[in-house]
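Below is one structure, written out as structure tokens, with a few remarks after it.
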Amino acid sequence: MPTTLTITPPDDFDLARDVCSYGYFLLEPNHWDPDSATLARVLDLEGGAAGVVIVQQPGGTLRARFDRSLDRREQAEARSQITRMLALDVSASEVAEFHSVDPRWKKSGRGRLFRSPTLFEDVIKTVTSCNVAWPSTITMNRRLCEVMGRPCPSGPRAFPTARKLARAKPETLRARCRVGYRDARMVELAKLFVRGEIDESWLADPATDDEAVFKFLKSLPGIGPYAAGNIMQLLGRYSRLAIDTESFRHARTVLGMDGSDAELTRALHAHYDPFGRHRFRSYWFELWDYYESRKGPAHTWDKHTTGTTFTATRLNAAPERKRPGRSG
DNA sequence: GGTAGACCTGGACGC
DNA sequence: GCGTCCAGGTCTACC
């Protein structure tokens, strides 16, 4: 008999808002259904892949319905992955602290950022987002699942595990998943995870200094300043910005800044410094708010249409869309 | 420490 | 339909 788990989230948790808070919710194997307000995806668990559909019930409780039976150990594993993915470990008081630093997001309640069930998936997704337009990131993630992911009983495939990618040939990734020159870097990253050379508990430990984490991440293959900053926020460390071309577009079109990339970088750092250890959140929700002003509320985006349009060129060309009563 | 050029893919554009 | 150009972040070689 298929397993259903009941999960009690923090009081302020809102599934639609908190899933549709970061672009990875549009990437395979994630499927947000705007009509039913459910998140479906495949989790790779000890005993194999399992499809899950997550819905929030009227009282706030989350129900995770699987397409097969999970034993006790797998249930614990699934809970842990869902907790990471939905940032359920970010307490209401932490979100409130963010709002005290940046009150612009108090009304909407934004504070949590969606991520992947595992750090490995977040790292590989970040690599697929580097030096490429968003539609190619979508393609790479889809093909990685199709080619390398384990299928669940109901059909769809999981994101490939580190063990699977560590055994893959770079040529296979390049030819079948269209990852280009990222092929060998991805395999090397997977090997580092499998060999235990990426110490997740050290990276997650609040006692570990942000600077040390950033330095370590930048030493990994395929991870530069942007990717390291992005992985830090996916680790729940929001003190750094992840500056890319979208940041420069935001600086020019929304913040009214001007100058060379180096000048804009300095100006962006100065602009977000007052938000301290919440810098990334303040930056990101500004960016997200701009996207929503163009495309409507994120929880209404269809991954196959609206969800493919996020590149600086297309955003600059798109007309602004009116939204009912929004203030962040 | 700073910078130029290569890396690869897919989309836009011109013919 | 084909060829060319360009965007995108990281890495290496070089100054």
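Chain letters run A, B, ... following the sequence lines, proteins first, then strands; residues in each count from 1.
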- Query: Do you see a donor-acceptor pair shorter than 3.5 Å between the side chains of T161(A) and D44(A)?
  - Reply: no

- So which of Y283(A), Y238(A), F280(A), F285(A) actually passes ring pair (Phe, Tyr, Trp, His ring centres under 6.0 Å) with Y272(A)? Y283(A)

- Query: Separation of L217(A) atom CG from dG9(C) atom P, in whole Å?
  - Reply: 18 Å

- Message: Can you measure R178(A) atom CZ to dG11(B) atom C1' for me and round it to whole angstrom units?
- Response: 14 Å

- Atom CE of M186(A) and atom C1' of dT9(B): how far apart are they, to the nearest Å? 12 Å

- Summarise protein proximity over nucleotides 10-15 of chain C in one line of letters, 5' to 3': B for base, S for sugar-phosphate only, - for none, counting protein heavy atoms closer than 4.0 Å. SS----

- Message: Classify the ring geometry of F120(A) against F193(A): parallel below 30°, tilted from 30° to 60°, perpendicular beyond 60°.
- Response: perpendicular

- Note on the structure: W134(A) atom CH2 is separated from dG9(C) atom P, nearest whole Å, by 13 Å

- Message: How many whole angstroms separate atom CE of M140(A) from atom P of dG8(C)?
- Response: 14 Å

- Item | Candidate nucleotides dT9(B), dG9(C), dG10(B), ranked by approach to the side chain of T245(A) - the nearest | dG9(C)

- Message: Could you check whether any side-chain N or O of S80(A) sits under 3.5 Å from a backbone N or O of A76(A), counting only pairs where one atom can act as donor and the other as acceptor?
- Response: no

- Query: Does the pair E146(A)/R176(A) count as a salt bridge with the N-to-O cut at 4.0 Å?
  - Reply: no

- Item | Distance-only side-chain donor-acceptor flag, N141(A) / T139(A), under 3.5 Å | no

- Query: Roughly how many Å is it from NZ in K125(A) to P in dG9(C), rounded to a whole number?
  - Reply: 19 Å

